Structure formats: C-alpha cells, structure tokens
Amino acid sequence: MNILAIESSCDETSAAVLVNGQIASNVIATQLIHAQYGGVVPELASRAHQQHILPVVTKALADAKVTKNDLDAIAFTKGPGLLGALLVGTSFAKSMALGLGLPLIEINHMQAHVLAHFIEDPRPAFPFLCLTVSGGHTQIVRVDSPLEMEVIGQTRDDAVGEAFDKSAKLLGLPYPGGPLVDKYAQEGNPHAYPFPLSEMPGLDFSFSGIKTSILYFLQKQVQKDPQFIPNNLADICASIQYTLIEILVNKLKRAAKETGIRQIAIAGGVSANSGLRHRLQEMASKQRWEVFIPGFEYCTDNAAMIAMAAHYKFIAGDFADQTASPMPRMHL
Ligand code: KG4
Ligand code: ZN
C-alpha cells in the first residue's frame with residue numbers, strides 16, 4: 001500500500017510517502033519569507049505553497065522510489081490552518097487523485113500531530129494522554145485508539161507556541177522565536193526572574209497573562225537599564241521557558257491524576273523544546289509515567305504524520321471525494 005500525503009496548513013510545504021505503513025520519504029520546504037514580517041503572512045504563505053508544492057511532491061516520490069502510478073491513495077490536510085494555505089494542498093491532492101483515479105483521504109492536522117507517535121518505536125499503547133503544543137494549539141488529548149481521541153483540556157486564549165514566539169518578539173528576536181528562546185535558555189538560570197504561573201480551572205490553560213507580565217517586566221527593567229535585555233538574554237529566556245513549561249506540566253500532572261492514565265506523550269512544534277523534553281523525562285521517573293517524545297523532524301509540521309493518520313483512515317475505509325474542501329477551524 002503506497003500513500004502520498006500533503007501538508008500545507010501553515011508555513012511548511014511538505015509531502016511524504018508511506019509504503020506498507022512505513023515512512024519512505026518526508027520532504028519539508030520551510031518558508032523563510034515570513035521572518036522579515038515577524039509572523040506568518042497568510043497571502044505570502046499561500047503563494048509560497050504554490051511555488052513549492054510540485055517540487056516537494058516530486059522529490060517525495062523520488063526519495064521513496066515510488067512513481068505516481070504506484071500510488072493507492074492521496075491524503076491531504078483538511079484543517080485546521082490558514083484557508084489560502086490549506087487550499088493549495090487540497091486542490092493539488094484533488095487534481096492528482098482525479099487524474100490518477102485514486103481515492104482521497106482528508107486529515108485533521110491536530111490528529112496527525114498525535115499520530116506522529118506511530119511513525120517510529122516506541123509507540124504508546126492505548127489509552128494515552130497527548131499534550132499537543134504548537135503555534136496555534138495547546139491541548140491535552142485523551143487517545144483511545146488511532147481514530148478515537150477527545151480534547152480534555154485546552155487553551156482559552158493564546159497557544160503556548162504563540163507565547164514563546166511573542167515573548168521572543170519582545171526580546172527583539174526574529175520569527176519564529178520559540179527555537180531561539182530554547183537555544184538561549186540552555187545557558188541561563190530558570191529561576192533568575194520569577195513570572196506568575198497562570199491558574200485556570202480544570203484542565204484548561206491560559207497564556208495571555210504571562211505574556212503581559214513579561215511585557216511589563218521588560219518595560220520596567222529597560223527603563224532602569226537600556227542594556228537589560230542583551231546583558232541578561234539567557235536568564236530571561238530560561239525564566240520564560242521555565243514558566244511556560246511549568247504551566248504545561250502542572251496540567252499534565254492533573255490530567256494524569258484525574259484519568260489514571262500514566263502513558264504520557266507530547267506532540268506539535270513546541271514538543272521540540274529541549275526544556276520540555278527534559279522536564280518530561282524527569283517526570284517519567286518522579287511520577288512513574290511512561291513518556292513518549294517524537295523525533296525532532298516529526299514535532300514541527302511535516303507530511304509524514306499526515307501519511308500516518310492516512311494509514312489508519314485507509315484501513316478504516318474512510319475516504320473523501322472531489323467535493324472535499326479545506327476547513328480552517330476544524331476540531332478534533
Ligand atoms: O506544529 P508547528 O510546527 O506548527 C503549527 O501547527 O503551529 O508549531 C510551530 C510552533 C511555533 O510557535 C514555534 O516557535 C514552536 O512551535 N517551536 C518551539 C520550538 N520549536 C518550534 N517552541 C519552543 N522551543 C522549540 N525548540
Ligand atoms: Zn502543527
């Protein structure tokens with residue numbers, strides 16, 4: 001069984017080929033154009049997807065040594081994401097499926113982030129909890145089977161990736177700032193500047209308050225010393241990262257206690273954060289959790305995870321047709 005999968009929900013154009021349930025190729029073209037604007041510009045993302053999609057798909061097929069005539073299905077990200085960006089992947093997949101007479105499989109991007117855990121061993125057993133943390137989402141998901149999952153907690157305002165990126169912007173770091181905060185934090189003291197941990201009822205999160213307290217803190221310090229940020233960058237990044245991770249881990253602890261589930265996974269772009277990965281390993285021994293952390297290339301947006309999700313939908317016989325269209329606000 002050969003499946004071609006296409007991801008185009010935000011600023012990564014990606015294509016992957018799955019051969020008999022195994023990833024045979026995963027090609028990702030990152031759009032660098034957005035850095036100069038300090039965030040993703042939807043119209044530019046859409047245009048860059050149009051430029052990248054054909055070479056990316058061609059390379060994914062070549063890397064996997066599969067021709068388009070060997071394909072059994074074509075999968076694409078239906079949502080959530082930017083409408084113009086999703087439209088490129090959706091239209092490309094639909095035309096290719098129509099031309100080749102192949103079935104189409106539509107994929108929820110957030111479900112695919114969770115199913116990235118089934119690309120490589122060790123794979124979690126069911127049920128497990130997955131903390132899905134990206135630039136647009138922060139969710140705790142209870143996963144009962146590959147296609148049965150339920151959001152049991154989520155952010156009420158900003159996503160944690162957004163909190164990383166906006167904090168980085170306040171520090172004058174370029175977009176996307178999350179990986180840079182991670183890099184500088186490795187040299188800093190996480191307890192140098194204590195920021196308040198937001199308290200939300202139940203398993204929900206909030207990250208807008210912390211963003212505001214970082215802003216006020218920096219304004220006050222820079223007034224006293226204009227060189228405060230460059231002179232203390234590592235300590236500031238470490239303190240911000242520590243606070244964001246504590247908010248995530250406190251809710252995970254609560255979710256594990258409430259559900260009695262000790263198999264804990266992380267997914268999405270922020271799961272590439274070295275501090276979060278390290279903290280989770282620590283929790284594995286302290287809380288006797290079995291922890292699952294995806295390989296770096298499967299944390300941020302990629303089509304391999306879309307292909308993995310397509311594998312389960314193919315087996316379940318869940319196909320779409322030529323009426324398929326993007327759904328920017330798609331829920332799990
Ligand atoms: O899953 P993803 O690639 O795209 C979305 O679906 O949003 O996640 C992107 C987010 C960005 O906010 C980026 O700054 C963040 O993941 N990110 C990180 C790291 N790598 C990516 N945040 C903190 N530390 C990192 N190492
Ligand atoms: Zn994502």
Side-chain angles (χ1 to χ4, degrees), residues 5-14 16 26 28-32 34-35 38-40 42 45 49 77-82 85-86 89 107-117 130-139 141 154-155 158-171 173-186 188 190 207 210-211 237-249 265-280 293-306 308-309 328-330 332:
I6 295 168
E7 155 65 30
S8 74
S9 66
C10 190
D11 58 348
E12 240 92 43
T13 316
S14 181
N26 182 38
I28 304 169
T30 302
Q31 305 177 359
L32 303 173
H34 307 290
V40 177
H49 283 306
T77 304
K78 181 182 176 72
L82 302 167
L86 290 165
I107 302 296
N108 181 311
H109 181 89
M110 299 312 292
Q111 188 170 42
H113 268 304
V114 174
L115 294 174
H117 283 283
C130 187
L131 173 71
T132 314
V133 276
S134 72
H137 294 83
T138 303
Q139 304 178 331
V141 183
Q154 60 191 320
T155 184
D158 291 351
V160 66
E162 228 175 323
F164 267 103
D165 295 339
K166 287 180 178 172
S167 305
K169 203 170 178 175
L170 294 175
L171 297 171
L173 300 173
Y175 181 86
L180 291 169
V181 172
D182 185 358
K183 186 181 138 206
Y184 291 115
Q186 289 173 28
F207 291 100
I210 158 120
K211 191 186 66 197
C237 287
S239 302
I240 293 172
Q241 180 166 301
Y242 171 81
T243 310
L244 295 176
I245 293 173
E246 281 314 293
I247 296 173
L248 295 173
V249 169
I266 51 172
V270 181
S271 65
N273 182 271
S274 60
L276 178 60
R277 294 166 88 93
H278 185 256
R279 185 80 172 88
L280 226 69
I293 301 174
F296 281 110
E297 70 172 309
Y298 304 128
C299 290
T300 44
D301 290 347
N302 66 87
M305 67 184 196
I306 305 299
M308 207 62 238
R329 296 195 177 278
M330 192 175 191
L332 259 188

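This structure is a prediction, so every number in the text was calculated from the model and none was measured. In listed order, ligands and their atoms are each counted from 1.
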At what distance is the nearest protein heavy atom to atom 9 (C) of ligand 1, and which residue and atom is it? G135 N, 3.7 Å

Could you count the protein N, O or S atoms found under 2.8 Å away from the Zn ion (ligand 2)? 3

Hey, is H137 one of the residues with a heavy atom under 4.0 angstrom from ligand 1? no

Could you grab the distance from atom CD1 of I306 to atom CD of E7, nearest 0.5 Å is fine? 4.5 Å

Tell me: protein heavy atom nearest atom 15 (C) of ligand 1, and distance? V270 CG2, 3.9 Å

Report, in ascending order of atom number, the atoms of ligand 1 lying under 4.0 Å from any heavy atom of G136. 7 (O)

When you measure from atom 3 (O) of ligand 1 to every protein heavy atom, which one gives the shortest distance, and what is it? D301 N, 3.0 Å

Which heavy atom of the protein is the closest neighbour of atom 21 (C) of ligand 1, given with residue, atom name and distance? G269 O, 3.3 Å

Quick check: do S9 and M330 have side-chain heavy atoms less than 4.5 Å from each other? no

Consider ligand 1: state whether an atom of it lies below 4.0 angstrom from any non-hydrogen atom of K183. no

So if I count the atoms of ligand 1 from 1 in the order they appear, which ones are less than 4.0 Å from some heavy atom of G161? 12 (O)

Atoms of ligand 1 less than 4.0 Å from H109 heavy atoms? 6 (O)

Short side-chain to backbone donor-acceptor contact, D11 and V40, under 3.5 Å: no

ring-ring contact (aromatic ring centres under 6.0 Å, His included) against Y242, all qualifying residues, sequence neighbours excluded: H191

Answer whether the closest heavy-atom distance between the side chains of I107 and Q111 falls below 4.5 Å. no

Relative to ligand 1, is D165 under 4.0 angstrom through side chain, backbone, both or neither, heavy atoms considered? side chain

Can D182 and S274 be counted as having a side-chain donor-acceptor contact under 3.5 angstrom? yes

Taking the side chain as C-beta and beyond, is there a heavy-atom pair between P80 and R329 under 4.5 Å? no

Can you list the ligand 1 atoms lying under 4.0 Å from a non-hydrogen atom of D182? 24 (N), 25 (C), 26 (N)

Counting from 1, what ligand 1 atoms have a heavy atom of A272 closer than 4.0 Å? 20 (N), 26 (N)

Can you tell if the side chain of N273 reaches within under 4.5 Å of the side chain of F164, non-hydrogen atoms only? yes

Examine distances only and state if a side-chain atom of S14 and a backbone atom of A303 form a donor-acceptor pair shorter than 3.5 Å. yes

Quick test of your reading of the structure: of G178, G275, S9, whose heavy atom lies closest to atom 22 (N) of ligand 1? G178

For ligand 1, is any non-hydrogen atom under 4.0 Å from N273's backbone (N, CA, C, O), its side chain (CB onward), both, or neither? both

Could you tell me which residues satisfy ring-ring contact (aromatic ring centres under 6.0 Å, His included) with H109, sequence neighbours excluded, listed by chain and number? H113

So for ligand 1, is S274 a polar contact partner (N or O within less than 3.5 Å, distance only)? no

Could you pull out the closest heavy-atom pair between G89 and S8, with the gap in Å? N-OG, 3.2 Å

State which residues pass side chain to side chain donor-acceptor pair (under 3.5 Å) with H117; sequence neighbours excluded, sorted by chain then number. none

Any donor-acceptor pair under 3.5 Å from H137 side chain to T155 backbone: no

Donor-acceptor contact present, side-chain T138 to main-chain V160, <3.5 Å: yes

Consider ligand 1: state whether an atom of it lies below 4.0 angstrom from any non-hydrogen atom of P179. yes

